[in-house]
Amino acid sequence: MVDKNIVNKLGMSAETLDNQINEMFGQAENDFLEEALISKVDSRLPGAILQGTIISKIGNDVIIEIGLKSEGVVDAGEFDSPDEIEPGKKIEVLLEDSDTAGGLIQLSKRKADRIRGWERIIEKSQEGDVVTGRVIRRIKGGLLVDIGVPVFLPASQVDIRKPGDISRFIGKEIECKILKIDVENHNIVISRRKLIEEQRKGSKEKILAEIEVGQIRKGIVKNIADFGVFVDLGGLDGLLHISDLSWGRISHPSEIVKLDEELDCVVIGVDKENEKVSLGLKQKTSSPWDDVETNYPIGTRVKGTVVNVMKYGVFVRLKDGIEGLIHISEMSWTKRLRHPNEMLNLGDEADAMVLSVNREKQEISLGLKQTETNPWTIASQKYPQGTVVTANVRSITNFGAFVEMEHGIDGMIHISDLSWTRKYNHPSEALQKDQQVECVVLEVDEERQRVSLGVKQLTEDPWLHAIPGKYIPGHIIKGKVTKLTNFGAFVELEPELEGLLHISELADHKIEEPADIVKEGNDVEVKILKVDTEARKIGLSLRRAQWAAEENEDAPKSAEPAGEKQGPVAVQTVLSNLDVDNVTKSQADEEKPADEEKPAVEEIKVEEPAEAAEESKPETEPAAGADEATDDAPKE
């Protein structure tokens, strides 16, 4: 724009003035003016980096003078330290927004630093260079490291071995090697592992050439795993197994060592071909098991702390490196333990006795019950055979019942010792849990810690006198059919006493099923064939009882005096059929001629079938032998 008034006052034409100006300003001056104008315009656009001066701090805002129409503001959190906020200090900031509601220009120091840092990194560094940075924080897949700009350190590149929790590196200064630079996306990937491997390569060869078993080597704990510790020997890692950390029991290596801790370890194994070294820490001191037999002789009472509880017993620490086992069977004389924690728990103090010592296997067997008197040593004296006791039923099994005689002393009543006469299918038919039962001591076995008891022994065996005296062969008695089998029927003669009515003794003719003749619940009159006290069986006959009834009805009547009425002569139930037959035969022999053939007495012998002889069901009475050679068959 040209002011014409000034041109007129000079008395020069416009053309003359232009020529003079062109002579004064050449091409160089024109280019300079153009660049200054472009720079001035660009500095006002968002994204431009400007030079500014700190004026003051108001609250959390830092006021910056950047040479524009108004000041700019930067958040105080973008400064690494409050000490950096000094009035008059020159800083570079990034123009983010110049049109804000408050009239202040929004600036960012952090973004400007990143852009300048990236420019410096690209200018000075390249892939393979070693850089130093501070770990800022943990991100997905690794760590964020500040080397002037934030760069990515993958978790797999943090150390030569898996480092566990990589968060421990946060805040530390580390050296790394640049693996990749992505200029387009402004990404840089670094590796600490690569640098360590290169540094250790020369040292490893030297260590492998010098290291020998038995040497004591200094090292630094680099990694802790569940099974042991990896120790850096200065170029070569050695494994310090958890079992070689201490003579005592430890749950995790972290109880003994810490990361980056310096250790003096004993070399206990070297595999130079595979570059493996085994280290030991406990080997620096002698084993406490060397003099264990002297310190813990058999029979000594010792005290210790329970350090481990297993289902088969507990381990007790007697001192560092010395542990003994109390087996579950050595905990109580009387209690039947399902698990050791019923007696001892982790951390409990235990008073035990040394039972055995094996120095080579490093084993000590301890006993808890041996510190007390064994109640079974006096059980036989306290409960001699024949003693009547009252006990509480604790449990019932298929073969009997366990009863508590006193605290710690249990006995067993076998199912066969519940009754002399009744055969039980299950002990619960006679006994119930928690029932008070009176019983007799049959036997005390101190060695096996068992007491045999019986209920039926409270009374005399009825098969000795009562049953043989009451049930005499030849008598006819009444009973009730309780059970039918394929070989006969069982008849209840009195409570808990049964006899066998064999199928061959049900009728004179052959029958297929006992149910054809009798039914369960029928009342029957039967004849006693045999009482076997040894086998505890009574043999019965229905058909022979019927013979006796028929014979009684057909018996001849004797002459009666005039005017008197005489009743029929009947066979008494206590008189056997043989007696009646003998009387009848004697009378017949007197009336018959001498040469007439006498009827032969038929000898009947009933044999018991195999299934009846083998019958052993508890609820039935075993079959008795049915042979009665003295009984006669009915007359033809």
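The shown structure was predicted, so the numbers you read here are calculated from the model rather than taken from an experiment. In this chain, residues are counted from 1 in sequence order.
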Set of salt bridge (Lys or Arg N to Asp or Glu O under 4.0 Å) partners for [X], sequence neighbours left out:
{"X": "Glu429", "result": "Arg422"}
{"X": "Asp290", "result": "none"}
{"X": "Lys519", "result": "none"}
{"X": "Lys382", "result": "Glu406"}

Just checking, is any N or O donor in the side chain of [X] or [Y] under 3.5 Å from an acceptor N or O on the other one?
{"X": "Asn392", "Y": "Gln436", "result": "yes"}
{"X": "Glu443", "Y": "Gln385", "result": "no"}
{"X": "Ser287", "Y": "Trp247", "result": "no"}
{"X": "Gln457", "Y": "Asp417", "result": "yes"}

| note | Residue set satisfying side chain to side chain contact (heavy atoms under 4.5 Å, CB included) with Leu337, at least two apart, ordered chain then number -> Ile328, Met331, Lys335, Glu342, Met343

| task | Identify, with sequence neighbours excluded, every residue that meets side chain to side chain contact (heavy atoms under 4.5 Å, CB included) alongside Leu493. | result | Tyr471, Ile477, Val491, Ile538, Leu540

Sidechain N-carboxylate O distance under 4.0 Å for [X], [Y]:
{"X": "Asp351", "Y": "Lys303", "answer": "no"}
{"X": "Arg536", "Y": "Asp461", "answer": "yes"}
{"X": "Asp523", "Y": "Lys478", "answer": "no"}

Whether [X] side chain and [Y] backbone form a donor-acceptor pair below 3.5 Å:
{"X": "Asn522", "Y": "Val524", "value": "no"}
{"X": "Trp420", "Y": "Lys456", "value": "yes"}
{"X": "Thr305", "Y": "Arg317", "value": "no"}
{"X": "Gln432", "Y": "Ser428", "value": "yes"}

| task | Side-chain contact test, heavy atoms from C-beta onward, threshold under 4.5 Å: evaluate it for Leu366 versus Leu318 and give yes or no. | result | yes

| query | Considering the options Glu492, Glu520, Glu498, which one meets the side-chain hydrogen bond (donor to acceptor under 3.5 Å, both in side chains) requirement together with Thr482? | reply | Glu498

